[in-house]
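Nothing here was measured: the structure is a model prediction, and the numbers come from that model.
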Amino acid sequence: KFDKTPICLFQSEFERRILTPSIIVDYDPDKTAEFMESKVGGFFNEESVISGLSGDKGNFGKAHYSDGEMIIEFIMDAVRKEVEKSDSVEGFQYVMGIGGGTGSGLGSKILSQIREYYPDKVSDCYPIFPSVDQETEEIGIINSILFMNYCVENCDIYRIANNQGLYQS
């Protein structure tokens with residue numbers, strides 16, 4: 001028999017508000033602060049927001065290799081804490097813009113690490129490509145191509161979108 005009782009994914013016991021089990025990551029602390037101050041920011045746990053000291057200048061290699069090595073431990077620790085809060089984790093969903101360095105470079109590092117630590121969990125990725133009409137730098141297209149290699153290797157499902165299509169819908 002089907003139980004129609006609503007299921008709350010995670011609720012803060014102290015503040016009695018619904019929080020999503022998620023990690024918000026950006027190298028630019030201004031971007032994460034802006035997100036948390038937005039209308040939807042209240043649905044996310046402030047302790048699960050991770051940011052670097054500054055932006056990565058849109059560079060896949062810098063974000064994946066040099067800066068990524070410095071921040072990945074903090075990210076994986078946050079992932080582990082979210083997993084431990086859950087009764088049964090079935091998988092992970094990723095949503096990231098892949099034209100810049102954080103989404104493409106650090107995003108690919110996160111995909112690889114989570115696949116390594118949780119190989120039996122489903123990985124569902126929503127990469128958002130830069131709009132060709134709006135992309136002023138070729139680096140965004142290159143970052144996207146580099147990211148997709150990691151996405152194909154480490155995700156079970158991926159659904160592709162582009163910025164232009166999201167703005168028009």
For the side chain of Y117 and the backbone of S112, is there at least one donor-acceptor N/O pair under 3.5 Å apart?
no
Mind checking whether F43 and M36 sit in one hydrophobic cluster, side chains of I, L, V, M, F, W, Y counted as touching below 4.5 Å?
yes
Taking atom CG of D120 as the centre, report whether more than 12 heavy atoms of other residues, nucleotides or ligands fall under 6.0 Å from it.
yes
Would F147 and L111 count as a side chain to side chain contact (heavy atoms under 4.5 Å, CB included) here? Give the steps.
CA-CA 10 Å; F147 171 83; L111 293 177; 3.6 Å; yes
Can you give me the closest heavy-atom contact between A78 and I50, atom names plus distance?
CB-CD1, 3.7 Å
Should F92 and I160 be counted in the same cluster of Ile, Leu, Val, Met, Phe, Trp and Tyr side chains packed under 4.5 Å apart?
yes
Correct closest heavy-atom pair for G101 and A63 would be O-CB, 3.0 Å
Derivation and outcome, side chain to side chain contact (heavy atoms under 4.5 Å, CB included), residues L146 and I142
CA-CA 6 Å; L146 293 170; I142 294 167; 4.0 Å; yes
Backbone N/O of G58 and side chain of N143: donor-acceptor pair under 3.5 Å:
yes
Is there side-chain contact between N154 and E116, with heavy atoms separated by less than 4.5 Å?
no
ILVMFWY cluster, F44 and V49 together (side-chain gap under 4.5 Å):
yes
Are V40 and F35 close enough that some pair of their side-chain heavy atoms sits under 4.5 Å apart?
yes
If you count the non-hydrogen atoms of other residues, nucleotides and ligands that lie under 6.0 Å from CD in E153, is the total more than 12?
yes
I'd like to know whether Q113 forms a side chain to side chain contact (heavy atoms under 4.5 Å, CB included) with I72, so could you lay out the CA-CA distance, the side-chain angles of the two residues, the decisive distance to 0.1 Å, and finally the verdict.
CA-CA 8 Å; Q113 289 287 309; I72 194 67; 3.7 Å; yes
Mind checking whether S144 and P130 have side chains closer than 4.5 Å, heavy atoms only?
yes
Side chains of D67 and Y27 in contact at under 4.5 Å (non-hydrogen atoms)
yes
Please check if atom CZ in F74 has more than 12 non-hydrogen atoms from other residues, nucleotides or ligands closer than 6.0 Å.
no
Residues passing the salt bridge (charged side-chain N to carboxylate O under 4.0 Å, His left out) test with K81, sequence neighbours excluded, are D77
Hydrophobic cluster (4.5 angstrom, side-chain heavy atoms) - remaining members for V122
I157
Return the minimal non-hydrogen interatomic distance between Y94 and I110, and the atom names on each side.
CE2-CG2, 4.3 Å
Could you report the tightest heavy-atom contact between G105 and S108, atom names first, then the distance?
O-OG, 2.8 Å
I'd like to know if D156 and R115 make a salt bridge, using a cut-off of under 4.0 Å between side-chain N and carboxylate O.
yes
Across all chains, not counting sequence neighbours, the salt bridge (charged side-chain N to carboxylate O under 4.0 Å, His left out) partners of E84 are R80
Nearest 0.5 Å, what's the CG-CD distance between D28 and E34?
9.0 Å
Which heavy atom of F60 sits nearest to which heavy atom of S104, and what is that distance?
CE1-O, 3.3 Å
Around K121, counting heavy atoms of other residues, nucleotides and ligands shown, do more than 12 lie under 6.0 Å from its NZ?
yes
Is the number of heavy atoms from other residues, nucleotides or ligands within 6.0 Å of OH (Y158) greater than 12?
no
Decide whether V25 and V83 are clustered together by the hydrophobic rule: side chain heavy atoms of Ile, Leu, Val, Met, Phe, Trp, Tyr closer than 4.5 Å, transitively.
yes
With distance as the sole criterion, is a donor-acceptor pair present between the side chains of S48 and E82 under 3.5 Å?
yes
Steps toward side chain to side chain contact (heavy atoms under 4.5 Å, CB included) verdict (M96, Y126):
CA-CA 7 Å; M96 58 196 71; Y126 298 84; over 6 Å; no
Is the shortest heavy-atom distance from the side chain of I75 to the side chain of L106 under 4.5 Å?
yes
From T32 atom OG1 to E46 atom CD, the distance as rounded to the nearest 0.5 Å
11.5 Å
State yes or no: do M76 and I23 share one hydrophobic cluster built from I, L, V, M, F, W and Y residues joined by side-chain heavy-atom distances below 4.5 Å, directly or via other members?
yes
Which atom of P127 lies closest to which atom of I98, heavy atoms considered
CB-CD1, 3.8 Å
